[in-house]
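First comes the structure, then the notes that go with it.
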Amino acid sequence: MIDYDEATSFLGEWGRYQFLIFFLLSASIIPNGFNGMSVMFLAATPKHRCHIPAGANLSEAWRNVSIPPGQDSQCRRYRLETLSNYSALGLLPGRDVDVTGIEQEPCLDGWDYSKSLYLSTIVTEWDIVCENDWKGPLTTSLFFVGVLLGSFVSGQLSDGFGRKKILFVTMAIQTGFSIVQVFSTSWEMFSILFLIVGMGQISNYVAAFILGNEILGKSARILYSTMGTCIFFAIGYMMLPLFAYFIRDWRTLLLALTIPGLFCIPLWWIIPESPQWLICKGRIEEAEDIIRKAAKINRVPAPAVIFKTSELEDSTERQRKRYTLLDLVKTFNIRIITAMTILLWLITSIGYFGISLNTPNLHGDPYLNCFLLAAIEVPSNIFAWLLLKYIPRRYSMCGSLLLGGVVLLLIQLVPLGAYNRLLPYILMGSLTVANGILVLFFPETLGKPLPETVEQAQKIKGLCCRRKIHRDASVCPVEMKSNILMSTKL
């Protein structure tokens, strides 16, 4: 049976070909960094207050007190008709009239928005404040609904049509629909397009993640999964506040964030299809052509026969078996691991995006806060790579999650703004601590070959790895691997 790593070992672990694939696929992740987080600036809510028309028949004294103090100033004003009557009678606020007893009314003439941080956002464009303030969080939620939908379909699509095709089609969806978003004429149009962008964003991330792990060798996979995809995502994330600082109009900002996606077009002629996927589909000659080109780039000789005939016959037989998401819940062992993996990613995502998207609400400059939050991911991912390389995965994950959870719980001891918003941090901290304990029940994978088929995964007994997993299966079940990877991104 085909052992892909052994069959392609003549290429070497790191050569010019591996470095090329590593950096190009990692670079394709950069737009995901600023597209995924762009909503914190596109949908930012600046300070605002009810608009008082210039034509209102008010004296300067009454105009100065027309807005109630405190929180009411954002969504309420004193009734202008009453103020106008008092002004016409020559009465003065405070001396002749108790202003606090005057009837209030909503902001019937719109709002005045501060331009100290943002010239325009979708909030100021379509007045998503006061009774419409629910539309702001819903905008973000719809993006992540798209991410959820994309997570479900991306693995299946890449199994059917190929990693490379889905990678570039979904990059085109993300870039194309983002450009259309720039010309949105309503909040509804913007939000629907944002959902589609979310589908494209996660789908090309998953496709790039799978493609890189299937092309690169063993020693490069951990590096690619941490120093590659994660750090280049962080680079895109760091670019976001830089763009937003110099471009404070939301339409121009969105266009500027979208244009870099066009630079990925030439990669179509450089990045190959996954040889493992081609082998699974019986397209052996195409897979060998890719490997021979890789050998040429690395300047190493390729053997006359890369995959033996007996191995190919078994691979062809096994390709008749197709795997779906249902295979992840059919047996007890796989069902438990799948459920824990989904829960692990779910809670981790809540903490990560909860903190990241709350950046505009933190004390201080939102641009600097966003940049620092993104920049800290670079050393964090380097540290994660070292942990994954030298320390058992369960303990390294447990330690990092417990540390993150405890810090979130301790945030309540530090002032971060004018209002008490501690409950989300307490919730995220508690879940993250629980997550740190949960990972201890996963089977250890450090130094062990990973299962590539359902049959191999069934050998993982209970909640710990008691048996050695033998690599006795063909590479044909790469579809199973992509489904597992896809499920972990939910």
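Small disclaimer: the values here were computed from a predicted structure and weren't measured.
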Task: Short side-chain to backbone donor-acceptor contact, Lys164 and Ser274, under 3.5 Å - done: no
Open item on the list: Once salt bridge (Lys or Arg N to Asp or Glu O under 4.0 Å) is applied, what residue pairs with a partner in residues 223-240 remain, sequence neighbours excluded?
Closed with: none
TODO: State, to 0.1 Å, how close Ala43 and Val123 come at their nearest heavy-atom pair, and which atoms those are.
DONE: O-CG2, 3.4 Å
TODO: List in chain and number order the residues that pass ring pair (Phe, Tyr, Trp, His ring centres under 6.0 Å) with Phe233, two or more places apart in sequence or in another chain; answer none if no residue qualifies.
DONE: none
Open item on the list: Could you work out, with salt bridge (Lys or Arg N to Asp or Glu O under 4.0 Å) as the rule, every residue matching Glu13, not counting sequence neighbours?
Closed with: none
Task: is_close_aromatic(Phe22, Trp14), centroid dist under 6.0 Å - done: yes
Task: Distance-only side-chain donor-acceptor flag, Asn32 / Asn204, under 3.5 Å - done: yes
Open item on the list: Given 3.5 Å as the limit, does a donor-acceptor pair link the side chain of Glu214 with the main chain of Gln276, or not?
Closed with: no
Task: Short side-chain to backbone donor-acceptor contact, Lys281 and Gly160, under 3.5 Å - done: no
TODO: Scan for ring-ring contact (aromatic ring centres under 6.0 Å, His included) pairs involving residues 366-387, sequence neighbours excluded, and state none if there are none.
DONE: Phe41-Tyr367, Tyr245-Tyr367
Task: N-O pairing of Arg251 and Glu125 below 4.0 Å - done: yes
Open item on the list: Can you confirm whether Phe19 is buried at CZ, in the sense that more than 12 heavy atoms of other residues, nucleotides or ligands lie under 6.0 Å from that atom?
Closed with: yes
Task: Residue list, side chain to side chain donor-acceptor pair (under 3.5 Å) with Asn381, at least two apart or on another chain - done: none
Open item on the list: Between Gln174 and Tyr205, do the side chains contain a donor N or O and an acceptor N or O under 3.5 Å apart?
Closed with: no
Task: Qualifying residues under side chain to side chain donor-acceptor pair (under 3.5 Å), relative to Ser120, sequence neighbours excluded - done: Asp249
- [ ] May I ask you to decide if Phe353's main-chain N or O and Ser356's side chain share a donor-acceptor pair within less than 3.5 Å?
- [x] no
Task: Whether Phe232 and Phe23 hold their rings parallel, tilted or perpendicular, with breakpoints at 30° and 60° - done: perpendicular
- [ ] Could you list the residues that satisfy side chain to side chain donor-acceptor pair (under 3.5 Å) with Trp187, not counting sequence neighbours?
- [x] Thr139, Ser191
Task: side chain to side chain donor-acceptor pair (under 3.5 Å) partners for Asn298, two or more places apart - done: Gln18
Task: Shortest non-hydrogen contact between Ala302 and Arg292, atoms and distance - done: CB-NH1, 3.8 Å
Task: Heavy-atom closest pair, residues Val378 and Ile231 - done: O-CD1, 4.1 Å
- [ ] Mind checking ring pair (Phe, Tyr, Trp, His ring centres under 6.0 Å) for Phe177 and listing every partner two or more places apart, or none if nothing turns up?
- [x] none
Task: Ser38 (side chain) donor-acceptor with Asn35 (main chain) under 3.5 angstrom - done: yes
Task: Shortest non-hydrogen contact between Phe168 and Ile271, atoms and distance - done: CZ-CD1, 4.3 Å
Task: Side chain to side chain, Pro260 and Ile30, heavy atoms closer than 4.5 Å - done: no
Task: Listed partners of Arg248 passing salt bridge (Lys or Arg N to Asp or Glu O under 4.0 Å), at least two apart - done: none
Task: Set of residues satisfying salt bridge (Lys or Arg N to Asp or Glu O under 4.0 Å) with respect to Glu273, sequence neighbours excluded - done: none
TODO: Could you tell me which residues satisfy salt bridge (Lys or Arg N to Asp or Glu O under 4.0 Å) with Arg16, sequence neighbours excluded, listed by chain and number?
DONE: none
TODO: Locate the shortest heavy-atom distance separating Gly261 from Thr175; write the atom from each residue and the value.
DONE: CA-OG1, 3.7 Å
